[in-house]
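Presented below is the structure to which this report refers.
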Amino acid sequence: MNHPATEPGGHDPFVLLGGTIHDPANNRDGVVSDLWIEDGTIVAAPTDPSRFRRVDATGLVVMPGGVDLHSHVAGPKVNAGRRIAPHLARKPRTSSQPAAVPTIQSTGALYAALGYTTVFDAAIATGAAAIATLELAELPILDKGFYLLAADDADLLAALDAGDPAVIGRLIGDAVEQGGGWGVKVANPGGPTFWKQRRGDHRDLDTPLPGYGLTGRTLLERLARGVATTGLPHPLHIHTANLGLPGNWRTLAETMQTLDGIPAHLAHVQFHSYTGGELDADTFGSGVAELAAWFNSHEGLTLDVGQVLFGETVAMTGDSAAAEHLAHTTGVPWHSHDLWLEGGCGVLPITYKEKSLIHAWQWAIGLEWFLSVDDPWRLVLSTDHPNGAHFTAYPVLMQLLGDASFRRAAFERIHPAVRDRSPLADFDREYSLQELCIITRAAPARIAGLPDKGHLGLTADADITLYRPNDDLAAMFAMPAAVYKAGQLVAEAGQCRSLSPGRQLRALPTQ
Ligand SMILES: [Zn+2]
């Protein structure tokens, strides 16, 4: 019988014996069982098990491979991030912190060593789809796809303005098929049109775009319906207007109300949940309570959080207006990549500090979201890598969710005004291992529209992560004992064992 540590790579059939299985999609919550793997998928127990190599998983926690629904790993903004913060990008792998914007090869290796086997880049301009596809081909191990910022294109904007569903659907389908994307993202609906005409960055959803009858609200509604009718596996992925601005919780509330009854996913809601009108201690705060109450009582929408964790990182977004605002607020240099008939992106370095009023609020607001959503199947763990934090910080976030005493100790270190006013101190909820499994695997796979991922049932991809149980959840999730991708051992105890290529995930529109 082999221990994972002595196992060679390869595609031979094998059985993981006696692991403690967390497979929420198949209602298995810590069940001791065997998993049979052949040809990269999970198969039924064979009548003749003799040709299956036996791998002892006794005492190990077994979960599906992680699925990152919202990250930034390829395309012009990621390369700009490497240029604008070279002091972060060059930080050696051997230090406790990896590069803020790793190379594409390191990105795959780091994700795999963390137990993740699928990743989506959340914002690729259609004009950058070809280069992003080439870059992602170089991202090893993981299966990977991207969402296209199709609504920034002049032809689709004109169609959304005219409002003919057939034309909108055809243009969405063409953009995804030709660009090789998995879905459609909108970043600041209509925002680039305002921004390029210097029309400010803070507005409601009902101001018509310059030169159009279309508003942010009608754009969202028509685009989300268009994506739904095009038969894409993932609904419209939405970064709504007024990201990062005080008082923007109202915009997110209106966005949710606008999309009631239409399939849609709300990205990095933490950055869209602020009260207040001015940046001062008395008015800036959390709008999560009202937003989460609405979200919990309306079942159609899903969200990811975009948690902020303290430390140095790089902000990068398809929302140039938000990047410009943040750069001017913080006084750092920024990079703007503009595309004439499309959107663009903005990139700048940022350091989140515990004693900063705003950063402490962002940290607390993100956690408040995690702890306020009733149904973990509608919520995805994200830091909007690298915007809120690096993806390698996910284990710390998992401990903040699963260990209330660890969370309280962290809470004691943040800005005192936030300690006084944030409701976070009142939350005793702790995520179970099963719930952590849902928000990092099962839910993102289901929301992405990947029926063979995020679970360990028959015919599922054999993307499997084994952990050594540990009360220190950050330590447990930071270093899986073994990670399998399509049945192949790819990482072990934090070290990559194979840089095999993953698959590119491309959606085929049905319309
Ligand atoms: Zn993002």
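One is the number of the first residue; the rest follow in order along the sequence. One-based numbering, in listed order, for ligands and for the atoms of each.
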Evaluate the ring planes of [X] and [Y], with Trp represented by its six-membered ring, and classify them as parallel (under 30°), tilted (30 to 60°) or perpendicular (over 60°).
| X | Y | value |
| --- | --- | --- |
| His72 | His70 | perpendicular |
| Tyr274 | Phe284 | tilted |
| His239 | His268 | perpendicular |

*Should the pair Asp461-Arg503 be classified as a salt bridge under the 4.0 Å nitrogen-to-oxygen rule?*
yes
Per residue His70, nearest N, O or S atom to the Zn ion (ligand 1) is named NE2
Review point. Hey, which N, O or S atom on Asp384 ends up closest to the Zn ion (ligand 1)?
Key: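 The closest N, O or S atom of Asp384 to the Zn ion (ligand 1) is OD1.
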TODO: Give a yes or no on whether His72 keeps an N, O or S atom under 2.8 Å from the Zn ion (ligand 1).
DONE: yes
